[in-house]
Amino acid sequence: MNDDHGRGYTKPPGGEIPDLAARSRTLLMRGRQGALATNSVRHRGWPFTSVMPYAVDDISPLFLISRMAIHTQNILKDDRASLLVTLSGGTYDPLSAERLTLIGRVTPVETTPQIRQRYLDRHPEAERWVDFGDFGFYRFKSEELYYVGGFGVMGWVTTSDFQKAEPDPLAEHVDGIIEHMNRDHAEALRLIARRFAAVESSLVTMTSCDQSGFDVRAETGEGSVPVRIDFPEEARSPADARRILVTMTREAREKTN
């Protein structure tokens, strides 16, 4: 529950308290870019916001930026910044999508082979400019984070909790799972929603997935509604998730027939 400093979180009535630190690490790993707000040199006292691709080194976002960029000029004068990372809400309400705001400082880091490769693994297109003389790597060191997981799930996360949290084991594979299920198994999702969530719908679209289950949007007679469907067991790998979803589909079809 919230304390006098606003830390903590809220949760829906009767809902389980989520691990906001683990969710935050998972979201940071899944994302590829954020909106970086720096303190403007040209317009003192005003924030300047720009798109910022990043990779993750341990728990820290890594930036590859040019000294000529306005955000870099701002950082070199005042290293305080914030980074907003969010996943698209698609055609649905963007306020229902997860987002994470990191508050901290951005400082230059030495270009090592490990740093260089970590960034290029996430952004291979940067191979074209990574060795330009005016480009360098910068690390965002968080001092506190604020996570929002949709309506009713939000709160501050300390850096110590963030450091200790384990990201979801499916984090780096979620986009592929979602794309595969929505493209190739739309009917299976509809049957699973009927069997395991008692939802009758004309179309079910997976919107997120984690080790405990997945979220969908179901098109019903009352409109588009969000639905959470739990896995019967924890999925610790993409292979686990595939096996569990196949089993749930089989059971849903048997019950339908």
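Numbering of residues begins at 1 and proceeds along the displayed sequence.
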Worksheet item: Any donor and acceptor pair, going by atom type alone, linking the side chain of E144 with main-chain N or O of T159 inside 3.5 Å?
Response: no
Practice prompt. State, with a plain yes or no, whether a side-chain heavy atom of P108 is found less than 4.5 Å away from one of R67.
Written response: no
Item to complete: Check side chain to side chain contact (heavy atoms under 4.5 Å, CB included) between E200 and all other residues, then give those that pass, not counting sequence neighbours.
Response: R194
Fill in: Ion pair check, E110 and R139, cut-off under 4.0 Å
no
Item to complete: Could you list the residues that satisfy ring pair (Phe, Tyr, Trp, His ring centres under 6.0 Å) with F162, not counting sequence neighbours?
Response: none
Worksheet item: Step by step, would you call I103 with Y146 a side-chain contact (heavy atoms from CB on, under 4.5 Å)?
Response: CA-CA 8 Å; I103 298 172; Y146 191 74; over 6 Å; no
Item to complete: State, yes or no, whether a side-chain contact exists between T107 and K141 at a heavy-atom distance under 4.5 Å.
Response: no
Discussion item. Side chains of S208 and D215: any donor to acceptor distance under 3.5 Å?
Written reply: yes
Please report, to 0.1 Å, the donor-acceptor pairs under 3.5 Å made by any side chain of residues 43-54, with sequence neighbours excluded.
{"residue": "S50", "atom": "OG", "partner": "H71", "partner atom": "ND1", "Å": "2.9"}
{"residue": "Y54", "atom": "OH", "partner": "L28", "partner atom": "O", "Å": "2.8"}
{"residue": "Y54", "atom": "OH", "partner": "G31", "partner atom": "O", "Å": "3.4"}

Worksheet item: Is D131 paired with R116 through a side-chain N to carboxylate O contact shorter than 4.0 Å?
Response: yes
Worksheet item: Quick one: salt bridge (charged side-chain N to carboxylate O under 4.0 Å, His left out) partners of E172, sequence neighbours excluded?
Response: none
Worksheet item: Any donor-acceptor pair under 3.5 Å linking the side chain of T86 with the backbone of E98?
Response: yes
Fill in: Hydrophobic cluster membership, L27 vs L36, 4.5 Å side-chain cutoff
yes
Discussion item. Between S142 and L102 (side chain of the first, backbone of the second, donor and acceptor by atom type, cut-off under 3.5 Å), is there such a pair?
Written reply: no
Worksheet item: Within the distance-only criterion (no hydrogens, no angle test), does the side chain of D58 pair as donor or acceptor with the backbone N or O of S60 below 3.5 angstrom?
Response: no
Worksheet entry | Those residues that, when tested against E143, pass side chain to side chain contact (heavy atoms under 4.5 Å, CB included) (two or more places apart) | R105
Worksheet item: Below 4.5 Å, heavy atoms only, C-beta onward: do F63 and T72 meet side chain to side chain?
Response: no
Practice prompt. State, to 0.1 Å, how close R25 and A165 come at their nearest heavy-atom pair, and which atoms those are.
Written response: NH1-O, 2.9 Å
Worksheet, complete the sentence: Taking every heavy atom of T26 against every heavy atom of A171, the minimum-distance pair comes out as CG2-CB, 3.7 Å
Worksheet item: Is I192 isolated, or which residues cluster with it under the ILVMFWY side-chain rule of less than 4.5 Å, directly or via members?
Response: L170, V174, I177, I178, M181, L189, F196, V199, V204, M206, F214, V216, V225, V227, I229, F231, I244, L245, M248
Worksheet entry | Worked check of side-chain hydrogen bond (donor to acceptor under 3.5 Å, both in side chains) between D134 and S66 | CA-CA 5 Å; D134 62 302; S66 167; 2.4 Å; yes
